[in-house]
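Some notes on the structure that comes next.
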Number of protein chains: 2
Amino acid sequence: MAETIVDLYKPSDKMYVATDCLIFGFDDGQLKLLVFKRRVEPRRGEWSLIGSFVNLDEDVEEAAKRVLAEITGLENVFMEQLGAYGAAERDPGYRTISIVQYALIRINDYDKKLVESHGAHWFDINEVPELVLDHDKMLADGLRELRRKARYQPIGFELLPEKFTIPQLQKLYEVIYQKELDGRNFRKKLLSLNVLIKLDEKDKSTSRRGAFLYKFDHKNYQKLLKSGYNFEIA
Amino acid sequence: MAETIVDLYKPSDKMYVATDCLIFGFDDGQLKLLVFKRRVEPRRGEWSLIGSFVNLDEDVEEAAKRVLAEITGLENVFMEQLGAYGAAERDPGYRTISIVQYALIRINDYDKKLVESHGAHWFDINEVPELVLDHDKMLADGLRELRRKARYQPIGFELLPEKFTIPQLQKLYEVIYQKELDGRNFRKKLLSLNVLIKLDEKDKSTSRRGAFLYKFDHKNYQKLLKSGYNFEIA
DNA sequence: ATAATAAATGTATTTTTTACATTCTTTTAA
DNA sequence: TTAAAAGAATGTAAAAAATACATTTATTAT
């Protein structure tokens, strides 16, 4: 008997769906990535992005948040989707699609004991060891996206403590863009955006004079966004 | 007996993986979207983005290209991934993840008979009927991405015929950005980029005088990209 | 008291963006 | 053949944004 149209379009194959997360931090003047040892075969034990299979009753995004919390103890973290990696041969074990997210965390907030207990490790972004499967490609794509994104949205703030100094912020942008910025121009541009609130405190850890601390002004930033402003730094 | 670590991290659940494609075209001064009637339950017969399940031995990208060719007859089309849609409840039938791509096609190239035979239909972007499942959200996201992307990469050319006039190109950007542009400034900016090749032909379909036809200079564009130039129009 | 150190500040120049009005080429109709 | 019509093509001045660049300031440690 001929196939009916319903037969033709009936789904046949199921696949595994995983999520992997690029967890970025900023510390010691350097951009860092958190990785751990892969927990499943094949390639169990090799360095890997932090990830997990997605449960059947769970949003993909939820799954990413679950695994992030599991490893770092952090919730309410900035996270966006980078994209899906779906090459047929990307995982030699099972046919698995991975949906990759990137998260930006304040590196002093995470639960160090928990991270250690999972065998996770922070690497300087230039010293990340070879990663399993197509995770190197994910990292390269994620870095490109982070650099692109940082130009138009103030996601840099997600990587800094609540209170930060302008030189710290400048250093962060220098690391992201991989070039030196002029202090006067950077400060001028940034202050002109009116999204920083100057505090009455100084951070004296890096100079005798000390640098004033600032907070990010979320309200003003929302206003700025609505008015169609193109937030562009450096 | 207690679960071993391998048990804990053994994948358990499989899901369906689909791909849906936002197929954009530009015709008659308007941005258009190609949609068809959904071929699978539930909601069979409702308007839907053009999509298909991904076969087990097929890259996700391949699957998208397969379905695009199946409906339009087109190959070698500009296509990029928008992202994965993975809410647990997005499809009330099966647990299905959809990976969405967007394609830009030259609207005169496609196979009209083939499109008709699949019950597919072009809608003016402002008159797209309600779409099935979360496809409305995909369209809204895709439009935003198209608008963003058009600012920094000359993807507009993918929507125009090989030979086009500057007024046509301007009209396209006006439709994408949803605002009028100044003809003198647009032309000046565009020509200054040196990525247009002026031809010795005119298109007289829209005026008595006729407008010169141009081609896109892919080689120069590649040079421009490598030199780090930020291609930004309007 | 002073030496040391990073933080903070202003201006002139260049580049880019914006605003704006007229002339040109060709066809069609009188 | 001439005039009218219609979109295509062009230039310049003003405003805004980005860049280049050097000195002074606040504080701590010696």
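Letters go in sequence order (proteins before strands), and every chain restarts at 1. Since this is a predicted model, take the numbers as computed values, not measurements.
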Expected list for residues 155-169 of chain B: side-chain donor-acceptor pairs under 3.5 angstrom, two or more places apart:
| unit_1 | atom_1 | unit_2 | atom_2 | d |
| --- | --- | --- | --- | --- |
| B/K163 | NZ | B/E201 | OE2 | 2.8 |
| B/T165 | OG1 | B/Q168 | N | 3.1 |

Across all chains, not counting sequence neighbours, the ring-ring contact (aromatic ring centres under 6.0 Å, His included) partners of A/Y221 are A/F216, A/F231

Rounded to whole Å, the CZ-P distance (A/R151 to D/dA18) equals 13 Å

Might you list the N or O atoms of the protein lying below 3.5 Å from N or O atoms in nucleotides 4-7 of chain D, with each pair's distance?
| unit_1 | atom_1 | unit_2 | atom_2 | d |
| --- | --- | --- | --- | --- |
| D/dA5 | N3 | B/R208 | NH1 | 3.2 |
| D/dG7 | N2 | B/R209 | NH1 | 3.3 |

B/L190 CG to D/dT10 P, in whole Å, measures 13 Å

Judged by nearest nucleotide, the residue sitting upstream toward the 5' end of DNA chain C, A/R187 or B/R184, is A/R187

A/K202 NZ to D/dA26 P, in whole Å, measures 8 Å

Please test A/R184 against A/D182 for salt bridge (charged side-chain N to carboxylate O under 4.0 Å, His left out), starting from the C-alpha separation and ending with a verdict.
CA-CA 6 Å; A/R184 283 161 294 191; A/D182 179 277; 3.5 Å; yes

A/Y214 atom OH is separated from C/dA7 atom P, nearest whole Å, by 12 Å

So salt bridge (charged side-chain N to carboxylate O under 4.0 Å, His left out) across residues 164-175 of chain A, not counting sequence neighbours, yields none

To the nearest angstrom, the CG-P distance between B/D182 and D/dG11 comes to 15 Å

Across all chains, not counting sequence neighbours, the side chain to side chain donor-acceptor pair (under 3.5 Å) partners of B/N185 are B/K188

Report task. Describe the nucleic acid contact of B/K188 in one word from base, sugar-phosphate, nothing, applying a heavy-atom distance below 4.0 Å. Result -> base

Here the distance between atom P of C/dT18 and atom CZ of B/F186, to the nearest Å, is 13 Å

note: B/D203, atom CG; D/dA9, atom P; distance rounded to Å ~ 10 Å

In whole angstroms, the gap separating C1' of C/dA8 from NZ of A/K189 amounts to 20 Å

Contacts of A/K204 and A/N185 projected onto DNA chain D by closest heavy atom; the upstream (5') one is A/N185

Applying salt bridge (Lys or Arg N to Asp or Glu O under 4.0 Å) to A/K137 and not counting sequence neighbours gives A/D141

Item checked: Side-chain ion pair, A/R148 and A/E145, N-O less than 4.0 Å -> yes

